[in-house]
Amino acid sequence: MSDSFVIKNLNASIGDREILKDFSLTIPKGEVHAIMGPNGTGKSTLAKVLAGHPDYAVQSGEALLDGQELLGLEPDVIARAGLFLAFQYPSEIPGVTIANFIRAAIVARQAKGAPFDAKAYYAELYAKMDALKMDRTFTARFVNEGFSGGEKKRCEILQLMMLKPKYAVLDETDSGLDIDALRIVSEGVNRMRGPETGFLVITHYQRLLEYIVPDRVHIMWDGRIVHSGGKELALELEAKGYDWVKTELASA
Amino acid sequence: MDTLTSPALTGILDSALQSADTAEFRAQDWFAILRQQGWHTFQSLPMPKRDDEKWRFSDTRTLSLSGYALAPAPSDAEAAKLFARSQFISRPAGLMVHVDGHCIHKPALAPELTAQGVIFEPLTDALRHHPALLKQYLLKHKAGLGGDKFLALHQAWLRAGYLLHIPKGVTVTQPFVSIHWTLAEGAAVFPHALVIADELAQATIHDFHLSARPATRALAISACDIHAGSGAKVHRLAVQGWSSATQSFQIDNTCGGRDSLISSVHAAVGSRRARLENIVRIDGPGADVRLCGISVATGEQEFDQRTLQIHSAGKAKSDLLFKNALLDKSRTIFSGLIKVAPDAQQTDAYQTNRNLLLSTEAEADSLPGLEILANDVKCSHGATTGQVNPDELFYLRARGIPLAVAQELLAQGFLEEVLARVENEEAAATVREMLRVKFHQI
Ligand SMILES: Nc1ncnc2c1ncn2[C@@H]1O[C@H](COP(=O)(O)OP(=O)(O)OP(=O)(O)O)[C@@H](O)[C@H]1O
Ligand SMILES: [Mg+2]
């Protein structure tokens, strides 16, 4: 239990709309799980609720990250506890450079007053940018401002690689990426795979899962997981479509 | 007889003291008269009152000129310390440093600049060397935006400051740097900057107003007059970093000739209350003027900004952007007016004030205005006051950045739009660092 991310009977809403309905899912550390589901089913809501977004109200449930309850914590506390969310729609932050932004995130994880090793930081930042085939001039650009859709997604993965969380939720990181970028970003994620990290990959496309091969695939429908299986479930879903989910799985 | 430095004297509002001080400038009759006139004007004008339209929203009740005095020259040790702290720009065209109104370091210009006729001198030297220039240009305009009494007091005690003259066609790329420090408790200082850029001349100026210690009481009434001739290019950065117990006034007057290009950035972090009055007069067609201001207001600080863009000639452009970040119980006031004369056709004039509230107790007032008498113009003005964007805040916090740090980053990002316009990287870095320190004092 203390070595997994356990979400149990999570109910959450925005305004008077209930979106997550008794949502449960367990991701053992070291595994990659994928969630697929139709538009509006609550995938991004799940990601944001877990990350502590203030707009959502949690009615009940648990979200235990290696045993630590995340629900009710401030978003920055959740992030420092080890959860990373790669946003479906990353915000633009005018006037704040990528370098300063990631630096602030790293400093926030250091012991108070600990010295910041700028040289080592830039060396690591540049190495990871090179791996993601991001031009180094991006460090001086303002976060996501004027970035293409694909550049924003790469920048999310850069942050993931720099911050090295225990668990990462990737919300449609593949959408907007061209074929090469998809491969590069997937390689970045694959390099982080290992016994110390768990992933929840939200996607609409089976293609991503050919690059980031999941241990488990879950189908989400109307605020909860209705079916789970191995990596071949993604193929089956692609072949049968959501009507199959609706008639065969969601009625239960 | 140097009565000024006697600690027995009570304060700057003493007419006997003013005449004695003026006597020191007897050799320059006209200057002595100018000061005396300033003194008379000062005495004849009332202090601003609450119902004075030009002081709307400003806290006039706490305005006070009593309890300040001219300060003696600093000790050599103090002067040396402050000179060491004055090295913000590694290769200035010239560096001038004043402490409590006493010039402790005169610039040594490169021989090629001197050969080209460039003048960058303390006012007291310029009085002897270039009286004709001073007579022609010194304090030729009224304050006009409500600060006349303070400008008159500045005139009465005028002594500190500089003359910068760039002759026709001369381009100086490295900045001219002037730094004024306050040091003594209760010091009154009156820094003056007179910039004359002749036809096609080019210059960059950095004015830093700082205090040796963070909380010393002081009164600072500064003025800066810029005269940009035809095709001249003048870029100015003015940094107001006086101590937190300073009352400060900065009264600026800029005249732009035909096709001149003028930019100014006012960055404010210091003072208990700081008032900026900034008038730009576009006298020649084709002039292009950019005015920017940024501030970080904390505690109970009040930043009071009054601007006026006067378009007397056509086909000219002026663009103003003032951005304030407010914390705690601080207050900012922005009052700006664009005036376009009847025959100033094809004027482009813009004015924007944006205020970022980082506290529910902070208050930003904005009074933008237009007075347009020409018909073929493009003019706009706008003001917004709001809190940080919640999506941006969440994005930063979702990376583990604590709330206070995230707000600071967003505020710095908000101000960066203006800082990006400061071309000298060292100067921009100095201001960024001052903003950073300001945030960390909370
Ligand atoms: N602020 C809001 N007010 C009302 N409804 C909202 C709000 N935000 C989201 N919703 C609704 O919640 C539902 C779930 O949205 P969510 O973004 O979680 O879907 P998703 O599964 O991520 O969809 P997609 O595949 O399109 O990204 C949607 O119907 C959406 O319209
Ligand atoms: Mg979504």
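Note on naming: letters A, B, ... go to the chains in the order of the sequence lines (proteins, then strands), and numbering restarts at 1 for each one.
- B:R273 CZ: more than 12 foreign heavy atoms inside a 6.0 Å radius.
- When the shell of 6.0 Å around CD of B:Q202 is examined, it contains more than 12 heavy atoms from other residues, nucleotides or ligands.
- With chain A as partner, the option from B:R397, B:Q412, B:E417 having the largest number of non-hydrogen pairs under 4.5 angstrom is B:R397.
- Residues satisfying the ring-ring contact (aromatic ring centres under 6.0 Å, His included) test with A:F101, not counting sequence neighbours, are B:Y395.
- The main-chain N or O of A:L85 is found under 3.5 Å from a side-chain atom of B:R399 such that the two form a donor-acceptor pair.
- For A:Y89, no part sits under 4.5 Å from any heavy atom of chain B, backbone or side chain.
- For A:E31, the CD atom sits in a packed shell: over 12 heavy atoms of surrounding residues, nucleotides or ligands are nearer than 6.0 Å.
- Looking at A:N144, only its side chain comes within 4.5 Å of chain B, counting heavy atoms on both sides.
- Smallest separation of non-hydrogen atoms from A:F87 and B:A398: CZ-CB, 3.8 Å.
- Within the 4.5 angstrom heavy-atom criterion, atoms from both the backbone and the side chain of B:E392 approach chain A.
- For the side chain to side chain contact (heavy atoms under 4.5 Å, CB included) with A:I93, the lone residue among B:D391, B:N389, B:L396 that qualifies is B:L396.
- Annotation for A:K29: atom NZ counts as buried by contact number, over 12 foreign heavy atoms lying within 6.0 Å.
- Around atom CD of B:E423, no more than 12 heavy atoms belonging to other residues, nucleotides or ligands sit under 6.0 Å away.
- Top candidate by heavy-atom pairs under 4.5 Å with chain B, chosen from A:P94, A:A51, A:A108, A:P54, is A:P94.
- By the 6.0 Å contact criterion, NZ on A:K133 is open, its count of non-hydrogen atoms from other residues, nucleotides or ligands being 12 or less.
- Of the atoms belonging to A:I78, not a single heavy atom falls under 4.5 Å from chain B.
- Within a 6.0 Å sphere centred on NZ of B:K233, other residues, nucleotides and ligands contribute 12 heavy atoms or fewer.
- Proximity to chain B (any heavy atom under 4.5 Å) is shown, for A:P90, by both the backbone and the side chain.
- Only the side chain of A:V143 comes within less than 4.5 Å of a heavy atom of chain B; its backbone N, CA, C and O stay farther away.
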